[in-house]
Amino acid sequence: MKPPMLYRQLASQADIDAEYNPAARLSDPGVYQRHYVEQSRLARERFPGLQGVPFGPTLAETLDIFPATQPDAPVFVFIHGGYWRAFSAGDFSCVALGLQALGITTVVVNYALAPSVGIDEITRQTRAALAWVLRNIERHGGDPARVAVGGHSAGAHLAAMALQTRWSDDYGLPEDPFRAAVLVSGLYDLEPLRHSYLQPQIQLDDGVIRRNSPLFSVRACPTPVLLTWGAEESAEFVRQSTAFHAAWTGAGNRSSCAPQHGANHYSAIFGFEQSASAICAWIESQLFAQR
């Protein structure tokens with residue numbers, strides 16, 4: 001008799017961890033963290049911008065804003081990853097490097113981390129940050145009618161949750177306020193993480209999983225989505241993205257899939273640092289398109 005599966009074809013926590021711990025697949029995952037830190041330092045030197053702009057009542061609820069040089073610029077809001085329990089906005093100033101050269105204002109969201117808060121609260125903070133941008137970015141030279149959102153890993157999960165938000169009912173904003181969304185190596189079904197090494201910190205239960213798994217709450221939405229990931233990632237990370245693509249298009253929405261040859265989970269966001277990259281080109285095409 002086959003042993004019972006914890007999740008899909010994964011029978012044990014060891015099996016799930018092997019799929020969902022991207023650091024375990026690399027000989028030196030620290031090299032990517034050092035890359036982010038160094039490139040982010042470089043971005044802040046080139047584009048001083050505004051760091052630590054508050055959008056909510058707690059100390060963690062802040063934004064870093066890197067305004068474009070021209071007024072009325074389109075805006076890209078980036079939400080960092082770290083499995084909801086690591087990193088900060090300052091670690092990802094680097095995403096401004098490629099976008100700034102294209103005349104795009106970049107905003108990087110900071111949020112409180114697990115286990116101090118849960119994923120429900122992190123999702124709420126992310127939505128509050130995006131609402132702040134839509135209402136206030138004009139004061140920083142941005143065009144609130146041309147805002148795209150994106151994120152990496154857990155940040156892609158939070159960006160996907162933003163696409164499910166009732167912006168009109170809950171925030172008094174346009175129902176679909178984003179021109180585009182870029183989801184890099186994201187997590188859209190949280191169920192397997194309940195059985196992983198992350199559970200002591202992120203504390204998932206049925207309610208949290210149900211409320212925060214965007215794969216199962218896709219609605220009709222005109223926002224085009226780019227789903228991308230490193231071709232060297234685990235089968236489960238690939239499946240998470242392709243499953244969300246199928247659900248998004250199945251609801252009549254627009255979505256493109258773009259695996260990145262030679263990239264892993266961490267290097268899949270390097271394209272944000274290069275204005276000629278496929279990621280930056282796609283964002284530019286969406287934000288500067290005539291509507």
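Note that the structure is predicted; figures quoted are calculated from it, not measured.
Follow the hydrophobic side-chain contacts under 4.5 Å out from Ile16 and you reach Leu187 in the same cluster. No continuous path of hydrophobic side-chain contacts links Val149 to Met161 [ILVMFWY only; heavy atoms under 4.5 Å]. When hydrophobic clusters are built by joining Ile, Leu, Val, Met, Phe, Trp and Tyr residues whose side-chain heavy atoms come closer than 4.5 Å, directly or via intermediates, Leu102 is not grouped with Leu42. A chain of hydrophobic side-chain contacts below 4.5 Å, direct or via other Ile, Leu, Val, Met, Phe, Trp or Tyr residues, connects Leu173 to Val133.
Taking the six-membered ring for Trp and the full ring otherwise, the centers of Trp132 and Tyr171 sit at least 6.0 Å from each other. Not less than 6.0 angstrom separates the ring centroid of His265 from the ring centroid of Trp229. Residues Tyr111 and His80 place their aromatic rings such that the two centres sit under 6.0 Å apart.
Within the 4.5 Å cutoff, no side-chain heavy atoms of Phe47 are placed close to those of Thr106. Counting heavy atoms from C-beta on, the side chains of Val182 and Phe76 come closer than 4.5 Å. Side chains of Glu19 and Leu10 form a contact here, defined as non-hydrogen atoms less than 4.5 Å apart. Side-chain contact check for Ser213 versus Glu191: every heavy-atom pair is 4.5 Å or farther apart. Taking the side chain as every heavy atom from C-beta outward, Pro74 and Thr105 never approach each other to under 4.5 Å. A 4.5 Å side-chain heavy-atom check between Phe92 and Phe272 finds every atom pair outside the cut-off. For the pair Phe178 and Leu134, the minimum side-chain heavy-atom distance is below 4.5 Å.
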(request) Any chance you could lay out the ring-ring contact (aromatic ring centres under 6.0 Å, His included) test for Tyr20 and Tyr197, step after step, and finish with the verdict? (result) CA-CA 9 Å; Tyr20 284 99; Tyr197 71 102; 9.4 Å; no

(message) Quick one, Val77 with Val147, criterion side-chain contact (heavy atoms from CB on, under 4.5 Å). Give me CA distance, side-chain angles, the key distance, then yes/no.
(response) CA-CA 7 Å; Val77 184; Val147 177; 4.0 Å; yes

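With respect to Asp176 and Arg219, a salt bridge is recorded, a charged nitrogen being found less than 4.0 Å from a carboxylate O. Taking 4.0 Å as the cut-off between side-chain N and carboxylate O, Glu236 and Arg8 count as a salt-bridged pair. Salt bridge annotation for Arg34-Glu38: absent, with no cationic side-chain nitrogen under 4.0 angstrom from a carboxylate oxygen. Using a 4.0 Å cut-off between charged nitrogen and carboxylate oxygen, Arg124 and Glu61 count as a salt-bridge pair.
With rounding to the nearest 0.5 angstrom, the CD1 atom of Ile104 is 14.5 Å from the CZ atom of Phe66.
Residue Arg85 comes nearest to Gln201 through the heavy atom pair NE-OE1, 3.2 Å, listed as atom of the first residue, atom of the second, then distance. Across all their heavy atoms, Leu6 and His195 have their closest contact at O-NE2, 3.7 Å. What you find for Ser40 and Cys94 is that their closest heavy atoms are OG-N, 3.1 Å. Looking at every heavy atom in both residues, Gly151 comes nearest to Ala159 through N-CB, 4.2 Å. The heavy-atom pair separating Ala247 from Val218 by the smallest distance is O-CG1, 3.6 Å.
Cation-pi geometry between Arg194 and Tyr7 is not met at under 6.0 angstrom from the ring centre and within 45 degrees of the axis.
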